[in-house]
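See structure below.
Sequential numbering from 1 along the given sequence is applied to the chain's residues. Just so it is clear, the values below take in all heavy atoms, side chains as well, and ignore hydrogens, waters and symmetry mates.
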Amino acid sequence: QSCTVECLRRAGDVDGDGCVNFNDFCAVDVNFNTAGSPDRPGDADGDGLVNFNDFFAVDANFNASVAALSLDFGDAPDSATFPTSLANNGARHAITGNTTFLGTVSTDRDAEGDGQSSLDATGDDSDGNDDEGGIVVGDLDVGASVAVTVTANVPAAAVLNGWVDFNQDGDWDDAGEQVFVDVALVDGVNNLNIAVPPGATLGTTFARFRLTETAGYSYFGLAPNGEVEDYQFTITNPPPESTPTANAPLVKETEQTPSP
């Protein structure tokens with residue numbers, strides 16, 4: 001059964017740590033007068049805006065707390081523009097009661113207290129449990145349409161959002177870097193494609209994929225269901241096309257005379 005972000009996070013709990021305290025006042029102040037989705041940093045009342053109402057929500061619930069959520073985080077390198085940790089409002093999904101996930105085995109999702117950031121986006125596997133099993137991507141050749149196989153457990157409805165840092169500038173904000181926008185998935189195997197821009201930068205980069213039961217989620221913030229998976233990929237040039245060798249000798253067919 002799904003629920004909204006607000007039922008998972010205490011009113012006034014801006015940073016999602018289960019407690020309402022001075023850190024939440026600071027988060028409202030830093031993000032004051034911004035707008036976005038309901039999981040926007042600083043949005044204490046969940047209306048998508050950060051304004052004086054959020055200060056009131058923190059004040060009204062000050063020192064309140066709820067039990068910490070069992071959460072699944074990503075594991076891409078962490079920064080303000082690659083948000084993986086709780087401090088950076090990284091992508092995270094509630095596990096308890098959540099039967100919508102990537103892959104085929106629900107226990108592959110690790111319950112974590114914080115994002116497991118690592119240089120190669122494999123930090124989630126540090127417990128010996130590989131939980132990046134839902135997405136298989138072909139070679140990311142520049143200018144190519146690349147086949148992507150997404151395996152998901154979808155009891156009712158779910159959508160996929162995905163981002164690839166094609167220019168390797170350390171964020172997923174540039175035009176064309178959101179490769180999937182609320183793509184509806186079915187239970188089981190889904191065959192999709194990623195269009196790699198002709199101007200993509202060669203070399204190592206990172207991608208994030210989020211499965212949720214409802215649309216509108218970005219690459220950061222709390223979701224009440226689904227799963228997040230981060231990957232390290234390599235962007236390459238396409239293999240050269242084979243061409244006939246120049247000045248190759250021509251083979252002349254000999255005419256055979258029928259035997260008498």
Tell me the closest heavy-atom pair linking [X] and [Y], and the distance in Å.
{"X": "Q232", "Y": "L119", "result": "OE1-O, 3.4 Å"}
{"X": "A91", "Y": "R208", "result": "CB-NH1, 3.8 Å"}
{"X": "N153", "Y": "D187", "result": "CA-OD1, 3.4 Å"}
{"X": "L211", "Y": "A152", "result": "CD2-CB, 4.1 Å"}
{"X": "E229", "Y": "L102", "result": "OE2-CB, 3.5 Å"}

From the list V154, V181, L185, T212, side-chain contact (heavy atoms from CB on, under 4.5 Å) partner of L160 resolves to L185
**Report entry** Within one Ile-Leu-Val-Met-Phe-Trp-Tyr cluster: L140 and V136, side-chain cutoff 4.5 Å
**Finding:** no
**Prompt:** Can you hop from V146 to L202 via hydrophobic side chains spaced under 4.5 Å?
**Reply:** yes
Sub-3.5 Å donor-acceptor pair from the side chain of [X] to the main-chain atoms of [Y], do we have one?
{"X": "N191", "Y": "A147", "answer": "no"}
{"X": "S117", "Y": "A76", "answer": "yes"}
{"X": "W172", "Y": "F206", "answer": "yes"}
{"X": "N190", "Y": "G188", "answer": "yes"}
{"X": "D75", "Y": "S118", "answer": "no"}
{"X": "D139", "Y": "D141", "answer": "no"}
{"X": "E227", "Y": "T100", "answer": "no"}
{"X": "R92", "Y": "G90", "answer": "yes"}
{"X": "R210", "Y": "F220", "answer": "yes"}

Exercise for the section: Test Y219 against D173 for side chain to side chain contact (heavy atoms under 4.5 Å, CB included), laying out the working first. Expected result: CA-CA 9 Å; Y219 55 78; D173 285 330; 2.5 Å; yes
Within a strict 4.5 Å, meaning less than it, do heavy atoms of the [X] and [Y] side chains meet?
{"X": "L222", "Y": "L71", "answer": "yes"}
{"X": "E177", "Y": "W163", "answer": "no"}
{"X": "T201", "Y": "I235", "answer": "no"}
{"X": "F166", "Y": "V179", "answer": "yes"}

Measuring from atom [atom1] of [X] to atom [atom2] of [Y], what distance do you get when rounded to the nearest 0.5 angstrom?
{"X": "F82", "Y": "D171", "atom1": "CZ", "atom2": "CG", "result": "7.0 Å"}
{"X": "T122", "Y": "Q116", "atom1": "OG1", "atom2": "CD", "result": "11.0 Å"}
{"X": "F180", "Y": "N193", "atom1": "CZ", "atom2": "CG", "result": "7.5 Å"}
{"X": "T84", "Y": "D230", "atom1": "OG1", "atom2": "CG", "result": "5.5 Å"}
{"X": "T205", "Y": "D165", "atom1": "OG1", "atom2": "CG", "result": "4.0 Å"}
{"X": "E213", "Y": "N225", "atom1": "CD", "atom2": "CG", "result": "3.5 Å"}

>> Does T81 form a side chain to side chain donor-acceptor pair (under 3.5 Å) with S79? I'd like the steps, not just the answer.
In response: CA-CA 5 Å; T81 53; S79 70; 3.2 Å; yes
Hits for side chain to side chain donor-acceptor pair (under 3.5 Å) against N161, two or more places apart or cross-chain, chain-then-number order -> Q178, D182
Note to self: Parallel, tilted or perpendicular, judged at 30° and 60°: which one describes the rings of F209 and Y231?
What the structure shows: perpendicular
